[in-house]
Number of protein chains: 2
Amino acid sequence: MTSRTPTDSARDIPEATVARLPVYLRALTSLTEQGIATCSSEELATAAGVNSAKLRKDLSYLGSYGTRGVGYDVDYLRYQIAREIGVTQDWPVVIVGIGNLGHALANFSGFRSRGFRVVALLDADPARKGEEVAGIEVRPFDEIDTIVRENGVAIGVIATPAHAAQDVADRMVACGISSILNFAPTVLTVPPGVDVRKVDLSIELQILAYHEQRKAHGEPL
Amino acid sequence: MTSRTPTDSARDIPEATVARLPVYLRALTSLTEQGIATCSSEELATAAGVNSAKLRKDLSYLGSYGTRGVGYDVDYLRYQIAREIGVTQDWPVVIVGIGNLGHALANFSGFRSRGFRVVALLDADPARKGEEVAGIEVRPFDEIDTIVRENGVAIGVIATPAHAAQDVADRMVACGISSILNFAPTVLTVPPGVDVRKVDLSIELQILAYHEQRKAHGEPL
DNA sequence: AGGAGTTTGTGAACGTGAGAACAAACCGGC
DNA sequence: GCCGGTTTGTTCTCACGTTCACAAACTCCT
Ligand SMILES: NC(=O)c1ccc[n+]([C@@H]2O[C@H](COP(=O)([O-])OP(=O)(O)OC[C@H]3O[C@@H](n4cnc5c(N)ncnc54)[C@H](O)[C@@H]3O)[C@@H](O)[C@H]2O)c1
Ligand SMILES: NC(=O)c1ccc[n+]([C@@H]2O[C@H](COP(=O)([O-])OP(=O)(O)OC[C@H]3O[C@@H](n4cnc5c(N)ncnc54)[C@H](O)[C@@H]3O)[C@@H](O)[C@H]2O)c1
């Protein structure tokens, strides 16, 4: 089951580490832009907002890309992380639900610059058909099958109202999408093998509110 | 330090539990809307997309609000969770940076319905001054001090470009905001006592890409 | 060449979180 | 009042994540 050739790099990177690799990637890009060619784990950790021991342990799962007594070559490490995450290639993405949020997402420049390419904007509302957002035409949701198959899309973004999200997810899965980023405030049910990540604004706010309440209560000043 | 009156409820709720309470809250609201008055931990867990043992353990940190052999009273439990999180009261919120994303956030109905009230939209661009978004006037960023003090704002949302985010955060902290939700792709540095949570679209996509890549590589079919 | 100084990579200790399992508590029927 | 069935609250164990601390490995200077 876990038999692999010795050539491919270390496997089984912990989930917590995977979640931080993109942060390191961004910090390294920022260092490159500042003309910095080499950095220590301490410097990179500061730029990424984490503990340096944690950073070193995270990087050790990828391999030994640093030099003791010196540090890391910024460009080299950046490439290694990008390769490990899989963003050296471009990932085609579809966005479904071109309302308030969908418009913002379509205009988001961070897609292109980080290895993702929006290949289609889809909406069920016939009134939106043909509308152009960020240089991309909005197409009917029914065309999802064709678009996904033609472009080899593996990642879908859901920005529809909550009540439509499960249906959209089902259609996505049916035509071969196996990774979903969900902005709708609903729990999605998907078959095994499909990954779902959610971004939920009100959950984040409520977590902040909880701590805020405790601050106010704990210190009567 | 940890001396508390016996009247106030259980303290020190684990962070992982805090992050799930809003999910339970939403599931309970959904059950109420379906006219369901009582539910078992199993049912609620399914609705929230978690393990029932985990749900029961989470709820046990709040107190004993269920009845053995019966389950939980939906409305009662919902109130208890809302009270624990602190969303029985309304939290005033300011949004800074009314661009693509800021517009979407201003129009987001989930604020109001979940215990948050947008008291101001702020932007540094003079061209936006006076513009009305979602029935709220966009005001100059410099007015943040007045607005925060007059409304007792504790929570701020940052939707500016990355290069402006740290400055905005500093200004927020200076005028008394102690919880920040950051949409800009930057690491924010804030003094102790201030909470920052980030929502980062490209990180989420990169995590999906990592798993997607491994799916493709692991199974040569 | 060797030693002082620096920084990585990792083993080991600690803390937090997840899930299985079960006793305690409750309900309804008789 | 008691018994069988049900569901909670909690305990126990294991897995995962974080942090410390240090040997190994490198550079630079003499
Ligand atoms: N606006 C925000 O800032 C924000 C923030 C967090 C979460 N959200 C969530 O994101 C989702 C979208 O928010 P919004 O403000 O853009 O809503 P919106 O109503 O402006 O847009 C929703 C869009 O989805 C389309 N749609 C509806 N059903 C569809 C279907 N079955 N298939 C395809 N398209 C469909 C609609 O035609 C509409 O264009 C909501 O679930 C909302 O709760 C929004
Ligand atoms: N658009 C998206 O869907 C999306 C998704 C994820 C993250 N983001 C991030 O959110 C941020 C905003 O994205 P956007 O697409 O809305 O950008 P935008 O350029 O459309 O809007 C930014 C707004 O911030 C204002 N601003 C700039 N400097 C400011 C300052 N110092 N004080 C106050 N206001 C200031 C600008 O005037 C502008 O109105 C960016 O950091 C972006 O990376 C956007």
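Below, read A as the first sequence line, B as the second, and so on, with proteins coming before strands; counting in each chain starts at 1. Only heavy atoms go into these numbers, but all of them, side chains included; no hydrogens, no water, no symmetry mates.
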Within less than 4.0 Å of OP1 or OP2 of C:dC26, is there a side-chain N or O belonging to B:Tyr72? no
Whole Å only: how far is the CG atom of B:Asp12 from the P atom of C:dG15? 14 Å
Could you tell me if the ring centre of A:Tyr65 sits under 6.0 Å from that of A:Tyr76? yes
Please determine whether a side-chain nitrogen or oxygen atom of A:Thr67 lies at a distance below 4.0 Å from atom OP1 or OP2 of C:dT8. no
Could you walk me through whether A:Ser179 and B:Lys215 pass the side chain to side chain contact (heavy atoms under 4.5 Å, CB included) test, one step at a time? CA-CA 10 Å; A:Ser179 290; B:Lys215 283 179 208 168; 3.6 Å; yes
Determine: side-chain N/O of B:Asn51 to OP1/OP2 of C:dG17, distance under 4.0 Å, yes or no. no
Looking at the side chain of A:Pro14, which of D:dT19, D:dG17, D:dG9 is the nearest nucleotide? D:dG17
More 5' along DNA chain D: A:Glu15 or B:Leu59, using each one's nearest nucleotide? B:Leu59
Closest approach to the side chain of A:Arg56, judged atom by atom: which nucleotide of D:dC22, D:dT19, C:dA18 is it? D:dC22
Do A:Asp73 and A:Arg78 sit within salt-bridge range, that is, some charged N less than 4.0 Å from a carboxylate O? no
Between D:dC16 atom C1' and A:Asp58 atom CG, what is the distance in whole Å? 13 Å
With respect to the side chain of B:Ala53, which nucleotide from C:dA20, C:dC26, C:dT8 is positioned closest? C:dA20
Where do B:Arg171 and B:Asp167 land on the salt bridge (Lys or Arg N to Asp or Glu O under 4.0 Å) test, with the steps shown first? CA-CA 6 Å; B:Arg171 284 290 295 275; B:Asp167 281 348; over 6 Å; no
Rounded to whole angstrom units, what separation is found between the OH atom of B:Tyr61 and the P atom of D:dT8? 17 Å
What's the verdict on salt bridge (Lys or Arg N to Asp or Glu O under 4.0 Å) for A:Arg26 and B:Asp200, showing C-alpha distance, side-chain angles and the deciding distance? CA-CA 12 Å; A:Arg26 184 173 290 156; B:Asp200 196 318; 2.4 Å; yes
Counting only side-chain nitrogens and oxygens, does A:Lys54 get under 4.0 Å of the OP1 or OP2 atom of D:dT19? yes
Kindly point out which of C:dG17, D:dT18, D:dG17 is positioned nearest to the side chain of B:Ala16? C:dG17
To the nearest angstrom, the NZ-P distance between B:Lys57 and C:dA21 comes to 15 Å
Between atom OH in A:Tyr65 and atom P in D:dA25, what is the gap in whole Å? 19 Å
Between A:Arg68 and B:Gly69, whichever has its closest DNA chain D nucleotide further toward 5' is B:Gly69
Among D:dT10, C:dC27, C:dT8, which is the nearest nucleotide to the side chain of A:Ser40? C:dT8
Using whole Å, report how far CD of A:Glu42 lies from C1' of D:dA21. 14 Å
Rounded distance (Å) that lies between atom C1' of C:dG9 and atom CG of A:Leu62: 13 Å
Does OP1 or OP2 of C:dT8 have a side-chain N or O of A:Ser41 closer than 4.0 Å? yes
Measure the distance from CG on B:Leu55 to P on D:dT7 and round it to the nearest whole Å. 14 Å
